[in-house]
Peer 1: 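Right, I'll just put the structure down here and ask away after.
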Amino acid sequence: MATHDLGRARLIAAHANFLLNGKNVESAAAADFSAVPETAAAQAFLKGDIVE
């Protein structure tokens, strides 16, 4: 499943892939991704910032 709905993703996801400009820049267990994203882009996205 692919979604931009973070609330829904947090409820049902087991794994998360963060794509930026068509490339997978981060891949982690969903709980880990939500709690401590590794990349600055993922951190910004989870804060609600627009990431380009």
Peer 1: Grab the two heavy atoms, one from Arg8 and one from Asp5, that are nearest each other, plus how far apart they are.
Peer 2: N-OD1, 3.0 Å
Peer 1: Where do Ala13 and Ala30 come nearest, in terms of heavy atoms and distance?
Peer 2: O-CB, 3.5 Å
Peer 1: Closest heavy-atom contact between Ile12 and Met1?
Peer 2: CD1-SD, 3.6 Å
Peer 1: Which atoms form the tightest heavy-atom contact between Ser34 and Pro37, and what is the distance?
Peer 2: O-CD, 4.3 Å
Peer 1: Report the distance from atom CZ of Phe33 to atom CD of Gln43, rounding to the nearest 0.5 Å.
Peer 2: 9.5 Å
Peer 1: Mark yes when over 12 heavy atoms from residues, nucleotides or ligands other than Arg10 sit less than 6.0 Å from its CZ; otherwise mark no.
Peer 2: yes
Peer 1: Ignoring hydrogens, what is the shortest heavy-atom contact between Ser27 and His15? Give both atom names and the distance.
Peer 2: OG-NE2, 2.8 Å
Peer 1: Taking atom CD of Glu38 and atom CG of Asp32, what is their separation to the nearest 0.5 Å?
Peer 2: 8.5 Å
Peer 1: Are Leu19 and Val51 joined in one hydrophobic group, where the rule is that I, L, V, M, F, W and Y side chains link up if heavy atoms are under 4.5 Å apart?
Peer 2: no
Peer 1: Within this structure, what is the CZ-OG1 distance for the pair Phe45 and Thr39, rounded to the nearest 0.5 Å?
Peer 2: 11.0 Å
